[in-house]
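Because the structure is a prediction, the values reported are computed rather than measured. Because only heavy atoms are used, hydrogens play no part in the values below, and waters and symmetry mates are left out as well, while side chains stay in. Just follow the structure's listing: the first ligand is 1, and inside any ligand the first atom is 1.
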Amino acid sequence: MMTPEQLSQLRILIEERIVELEESIPRLEERVAPVAPDVAIGRLSRTDSMMNAGTVGLALKDARERLTRLRNRLKRIDDESFSLCGLCGKEIGLDRLLAVPDRGVCKACLQSVSRR
Ligand SMILES: [Zn+2]
């Protein structure tokens with residue numbers, strides 16, 4: 001079980017992460033805007049900016065998914081099951097919750113999920 005102090009520590013962390021993502025997502029969105037042909041000087045620089053847009057696109061997708069997960073986690077922070085793994089039901093542990101606040105699963109389960 002988590003103490004009220006630990007819970008408020010987590011709540012602050014999650015709220016900070018949400019604010020960070022809400023600020024960074026619009027910036028990423030600007031950067032994935034389609035590359036206009038006249039932006040490019042040569043063929044190489046156009047290819048280069050398209051590649052960057054692809055990388056930024058992945059970062060944007062990841063940021064949006066993380067934001068959704070963090071918001072859902074924040075909604076459930078007062079639930080008794082908040083600190084329990086959503087897959088195996090074991091206590092996740094404060095270190096883990098602080099390190100990966102957007103994931104409601106323990107380290108072992110997250111590893112087995114991402115291996116699939
Ligand atoms: Zn688990």
Side-chain angles (χ1 to χ4, degrees):
M1 280 299 283
M2 308 254 281
T3 67
E5 289 76 22
Q6 289 171 335
L7 270 178
S8 65
Q9 192 186 352
L10 259 172
R11 185 190 296 273
I12 290 166
L13 180 82
I14 292 177
E15 284 170 350
E16 279 174 2
R17 294 280 167 88
I18 288 175
V19 169
E20 279 170 20
L21 285 167
E22 282 173 344
E23 284 172 0
S24 65
I25 284 172
R27 284 204 296 270
L28 289 170
E29 281 169 343
E30 279 171 28
R31 289 174 59 194
V32 275
V35 182
D38 56 353
V39 168
I41 301 149
R43 198 164 62 91
L44 190 67
S45 58
R46 177 160 163 74
T47 310
D48 189 47
S49 33
M50 281 195 299
M51 264 177 8
N52 286 337
T55 312
V56 176
L58 284 179
L60 178 61
K61 185 171 170 284
D62 181 65
R64 283 179 176 150
E65 286 173 359
R66 249 186 310 148
L67 181 59
T68 305
R69 285 199 301 266
L70 283 167
R71 283 180 173 150
N72 288 336
R73 293 289 287 155
L74 192 60
K75 272 185 225 155
R76 294 188 51 233
I77 201 164
D78 292 319
D79 291 3
E80 270 180 47
S81 61
F82 180 80
S83 60
L84 302 180
C85 174
L87 293 173
C88 70
K90 285 181 192 157
E91 192 81 25
I92 297 174
L94 184 66
D95 286 352
R96 183 74 190 155
L97 286 169
L98 289 172
V100 198
D102 59 325
R103 298 280 191 178
V105 293
C106 71
K107 194 174 186 178
C109 287
L110 188 60
Q111 278 172 350
S112 67
V113 167
S114 51
R115 225 181 281 136
R116 246 178 256 159

Checklist entry - Yes or no on salt bridge (charged side-chain N to carboxylate O under 4.0 Å, His left out) for E20 and R66, after CA distance, side-chain angles and deciding distance? => result CA-CA 11 Å; E20 279 170 20; R66 249 186 310 148; over 6 Å; no
Item to check | Residue and atom names of protein N/O/S atoms that fall under 2.8 Å from the Zn ion (ligand 1) | outcome: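 N, O, S partners closer than 2.8 Å: C85 SG, C88 SG, C106 SG, C109 SG.
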Checklist entry - Would L94 and Q9 satisfy side-chain contact (heavy atoms from CB on, under 4.5 Å), going step by step from the backbone distance to the final call? => result CA-CA 10 Å; L94 184 66; Q9 192 186 352; 4.2 Å; yes
Item to check | Residue R69 excluded, over 12 heavy atoms near CZ under 6.0 Å | outcome: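 Atom CZ in R69 is packed in, count exceeds 12.
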Item to check | Derivation of the side-chain contact (heavy atoms from CB on, under 4.5 Å) call for L84 and K90 | outcome: CA-CA 5 Å; L84 302 180; K90 285 181 192 157; over 6 Å; no
Item to check | Spacing of L58 atom CG and L28 atom CG [to the nearest 0.5 Å] | outcome: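 So the CG of L58 and the CG of L28 are separated by 11.0 Å.
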Checklist entry - Counting only N and O atoms by type, is there a donor-acceptor contact under 3.5 Å from the side chain of R73 to the main-chain atoms of R11? => result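 No; zero donor-acceptor contacts below 3.5 Å.
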